[in-house]
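Contents: one structure, followed by commentary.
Letters A, B, ... mirror the listed sequences (proteins, then strands); counts begin at 1. In what follows, every heavy atom counts, from backbone to side chain, and hydrogens, waters and symmetry copies are set aside.
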Amino acid sequence: MSKVATRFAPSPTGPLHIGGVRTALFNWLYSKNQKGTFHLRIEDTDKERSKNEFKVQIIKSLKWIGIEHDGDEYIQSTKINDHINVANELLKNGNAYKCYCSNEEIEEQKIRAKQKKQPYMYNRKCRELNEKNVAKDINSVVRFKSKIEGSSTLKDLVQGNVEIENITIEDFIILRNDGTPTYNLSASVDDHQMNMTHIIRGDDHKINTFKQIQIYLAMKWKLPSFAHIPLIHTIEGKKLSKRDNASTLDDYSKIGIMPDALRNYLLRLGWSYKDKEIFTLEESIQYFNLEGIGKSPSKLDISRILSMNEHYIKTIDEKELYKHLTKYCEIYKEKINSDKEKKIKPSLGFLKNKAKTLEDIYNNSKYIIFDEVNFNQEDLKLVDDKAKKIISNFSNKVSKLDNLSKKVLEPIVNDLIKLNETNFKGVGQPLRIALTGSKFGPGVYDIIISLGKEEVIKRLGDKILS
RNA sequence: GGUCCCAUCGUCUAUCGGUUAGGACAGCUGGUUUUCAUCCUGCAAAGGGGGGUUCGAUUCCCCCUGGGACCGCCA
């Protein structure tokens, strides 16, 4: 048995979307589980739409989520001559033929088929054409001589045996009239040359697989195994496309989803291992298999992504979390000054409590990050004269303290509660508003300690009291 | 329209002929809590319909229904 080799073959015509990421993930996971290799092939033969920036973006996205390919990326456009050679060979051994039907002719047939509500399929007119009767100056395309009789069975590793009548597959074009190869030719030649053992791709490629298998067979190449995974649907139940919002990786990273969380979510979308929900990277490699892939399409559910992210925020090492946070803020918000690091880092323990995303942590830390308190005007109205008195009183007492801790702060607060004949809220709320600008937020003791004495006194000073 | 695929709580799924159909997310209760949360209790929630096969079907087979994918000189 040869060593397992898989590939992910995106075309760089747009940003990588989440369905593609999952396909890449499954390929990568399977190869790593089998101690094989995973390759990246850039299918950039559509010169009009392929952009280098998308190629860069795709590689970056994969890396972000933890997928790295073995070896150099395989650039399809550099292999076009190989594809053309195979087409010529196919022509020579009678498995392909030149088709001289004009574009207009084909278009007309398509329209007629539509009118009759019949499926269009090329009528194989040129299949048995005598070359000598054709004028030399007419452009031709090359079509593959697809099987007409019998049926073919695809032994799909996910879907089981899929059988179709050969007649339903048309004589597809392998070389355009400008001499360039089309997808099905290029893909099969490349997969063969790259020695791929397992082709794992979306369900939408199933018909292509039947075509590509015929090319393999005609060239007497060793057939790889195929696995077609169900597509990811939108919440409306339609195929996910690049046009859907929240479909690219960037859409998730910009709201503060961490790569491990998304990886874990994607892994469990359409795949399962018993009742296990949380998989470390190592575990996902260890447990991944093709048998665990479900047969039905699954819908993307943002609340699960969020809760998975929340789980990772709560469980990963705080140093790691801080790294993620600073990187996130640097890219999507503003850079956190290093002097703020001293205050945020030790506060992560309570900041992360109320966060589902890195963005939430950022928002929760705003009172530390910004020197100016941004007051919520509604909340500010809650600070009445009595509250101001409490604030100033509290400030005085804090100024006499050497160090801040819950132990020393608690008696002060309790005294104020008694003195003003109020409850904890009566003291805690004005303080929180004065310090953070909002009545919502972390516990007052946490806020006070995280800010430090100097900053607390500054914020409880004239500005709030006037 | 043709070809193919799919079908368990709202969502992701477990079950590989015998279960009170399990878990997770979301939802809703209650408790802890100075707010918002966290955390902990609990509740509700499912095998599309009809035929078979079988002592027994969510599970196997057929039909219907519903959903989806593909049908480019794009990849």
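The residue A/Lys295 sits close only to the backbone: its heavy atoms come under 4.0 Å of sugar-phosphate atoms, none of a base. A/Gly443 comes within 4.0 angstrom of a base, heavy atoms only. No contact: A/Pro10 has no heavy atom under 4.0 Å from any strand. Residue A/Asp204 is classed as a sugar-phosphate contact, given heavy-atom separations below 4.0 Å to backbone atoms only. Residue contacts shown for A/Val444 include a base, since a base heavy atom lies under 4.0 Å away. A/Gln159 comes within 4.0 angstrom of sugar-phosphate atoms only, judged by non-hydrogen atoms across all strands, and of no base. Note on A/Thr45: only backbone sugar-phosphate atoms sit closer than 4.0 angstrom, heavy atoms only; bases stay farther off. Looking at heavy-atom distances under 4.0 Å, A/Ile173 makes contact with a base. Looking at heavy-atom distances under 4.0 Å, A/Lys47 makes no contact with the nucleic acid at all. Using a 4.0 Å heavy-atom distance criterion, A/Gly441 is classed as a base contact.
Rounding to whole angstrom units, CD of residue A/Glu48 and P of B/rC73 are separated by 16 Å. Put simply, CG on A/Leu231 is 13 Å from C1' on B/rC4, counting in whole angstrom units. For A/Glu170 and B/rG72, the CD to P distance is 7 Å, given to the nearest whole Å. Between the CG atom of A/Leu240 and the C1' atom of B/rG68 there is a distance of 14 Å, given to the nearest Å. Between the CD1 atom of A/Ile447 and the C1' atom of B/rA37 there is a distance of 13 Å, given to the nearest Å. Counting to the nearest Å, the C1' atom of B/rU32 and the CG atom of A/Asn353 are 14 Å from each other. Rounded to a whole Å, the CG atom of A/Asp203 is 21 Å from the P atom of B/rA75. Straight-line distance from the NZ atom of A/Lys110 to the C1' atom of B/rC73: 9 Å, rounded to whole Å.
Side-chain contact check for A/Ser241 and A/His17: no donor-acceptor pair (N or O, by modelled atom type) lies under 3.5 Å.
Residues A/Glu277 and A/Arg304 are paired through a salt bridge, judged by an N-O separation under 4.0 Å between the basic side chain and the carboxylate. Salt-bridge annotation for A/Asp82 and A/Lys79: absent, with no side-chain N of the basic residue lying under 4.0 Å from a carboxylate O of the acidic one. Between A/Arg127 and A/Asp171 there is a salt bridge, with a side-chain nitrogen of the basic residue lying less than 4.0 Å from a carboxylate oxygen of the acidic one. Look at A/Glu105 and A/Lys125 and you find a salt bridge, because one of the NZ, NE, NH1 or NH2 atoms lies within 4.0 Å of a carboxylate O, short of that distance. A salt bridge does not link A/Glu170 with A/Arg124: none of the charged nitrogens is closer than 4.0 Å to a carboxylate oxygen. A/Arg49 has a carboxylate O that lies under 4.0 Å from a charged side-chain N of A/Asp46, or vice versa, which qualifies the two as a salt bridge.
The side-chain contact (heavy atoms from CB on, under 4.5 Å) test applied to A/Gln214 returns A/Phe144, A/Ser146, A/Lys147, A/Ile169, not counting sequence neighbours. Looking at residues two or more places apart in sequence or on another chain, you find a side-chain contact (heavy atoms from CB on, under 4.5 Å) between A/Ile316 and A/Met258, A/Tyr312, A/Glu320, A/Leu321, A/His324. With sequence neighbours excluded, the residues forming a side-chain contact (heavy atoms from CB on, under 4.5 Å) with A/Ser272 are A/Arg268, listed by chain and number. Remark: A/Asn52 engages no residue in a side chain to side chain donor-acceptor pair (under 3.5 Å) (not counting sequence neighbours). Taking A/Glu378 as the reference, A/Asn376, A/Lys381 meet the side-chain contact (heavy atoms from CB on, under 4.5 Å) condition, with sequence neighbours excluded. Evaluation of the ring-ring contact (aromatic ring centres under 6.0 Å, His included) rule for A/Tyr30 yields A/His198 as partners, not counting sequence neighbours.
Between the side chain of A/Asp360 and the main chain of A/Thr357, a donor-acceptor pair closer than 3.5 Å is present. Here the side chain of A/Asn264 pairs no donor or acceptor atom with the backbone of A/Asp260 at under 3.5 angstrom.
Residues from residues 307-315 of chain A that place a heavy atom under 4.0 Å from any atom of RNA chain B, listed by number: A/Ser307, A/Lys314. For RNA chain B, no neighbouring residue in residues 77-90 of chain A is found when judged by any heavy atom under 4.0 Å. Looking at residues 205-217 of chain A, you'll see A/His205, A/Lys206, A/Ile207, A/Asn208 sit with a heavy atom under 4.0 Å from some atom of RNA chain B.
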Using a cut-off of under 3.5 Å, enumerate the N/O to N/O pairs linking the protein to nucleotides 59-63 of chain B.
none

Measure all distances between protein nitrogen or oxygen atoms and nitrogen or oxygen atoms of nucleotides 18-21 of chain B, and list the pairs falling under 3.5 Å.
none

Distances for protein N/O vs nucleotides 14-16 of chain B N/O pairs under 3.5 angstrom?
unit_1: B/rA14; atom_1: OP1; unit_2: A/Ser272; atom_2: OG; d: 3.1

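Aromatic ring orientation, A/Tyr362 versus A/Phe370: perpendicular (interplanar angle above 60°, classes split at 30° and 60°).
Side-chain proximity of A/Val162 to B/rG23, B/rU3, B/rC4: nearest is B/rC4. When the nucleotides B/rC5, B/rA75, B/rU34 are ranked by their closest atom to the side chain of A/Arg432, B/rU34 comes out on top.
For A/Ser50 and B/rA75, the shortest distance from a side-chain N or O to OP1 or OP2 is not below 4.0 Å. The phosphate of B/rU11 (OP1 or OP2) has a side-chain N or O of A/Lys299 nearer than 4.0 angstrom. Listed pair A/Thr182 / B/rG72 fails the phosphate criterion, with no side-chain N or O lying under 4.0 Å from OP1 or OP2.
For a distance-only test at 3.5 Å, the side chain of A/Asp301 fails to qualify as a donor-acceptor partner of the base of B/rC12. Counting atom types as modelled, A/Arg304 pairs a side-chain N or O with a base atom of B/rA24 as donor and acceptor under 3.5 Å.
Geometrically, A/Lys352 does not engage A/Phe350 in a cation-pi contact defined by less than 6.0 Å to the ring centre and at most 45° from the axis.
Pairing for B/rA24 is with B/rU11, a Watson-Crick or G-U wobble pair whose two hydrogen-bonding atom distances lie under 3.5 Å. Applying the Watson-Crick and G-U wobble criteria (two distances, each under 3.5 Å), B/rA37 pairs with nothing in any strand.
The residue among A/Tyr265 and A/Thr168 whose nearest nucleotide of RNA chain B lies closer to the 5′ end is A/Thr168.
Proximity of the aromatic rings of A/His69 and A/Tyr74 is defined here by a centroid distance below 6.0 angstrom, and this criterion is not met.
No side-chain heavy atom of A/Ile173 sits less than 4.5 Å from a side-chain heavy atom of A/Val142.
Syn is the classification of B/rG47, since its glycosidic angle stays within 90° of 0.
Nucleotides B/rG72 and B/rG18, compared at atom P, are 46 Å apart to the nearest Å.
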Point to revise | A/Asp191/A/Arg7 under salt bridge (charged side-chain N to carboxylate O under 4.0 Å, His left out): CA gap, chis, key distance, verdict | key: CA-CA 8 Å; A/Asp191 282 334; A/Arg7 91 296 195 275; 2.8 Å; yes
Point to revise | Stepwise ring-ring contact (aromatic ring centres under 6.0 Å, His included) check, A/Phe26 with A/Phe288 | key: CA-CA 8 Å; A/Phe26 282 13; A/Phe288 189 79; 5.1 Å; yes
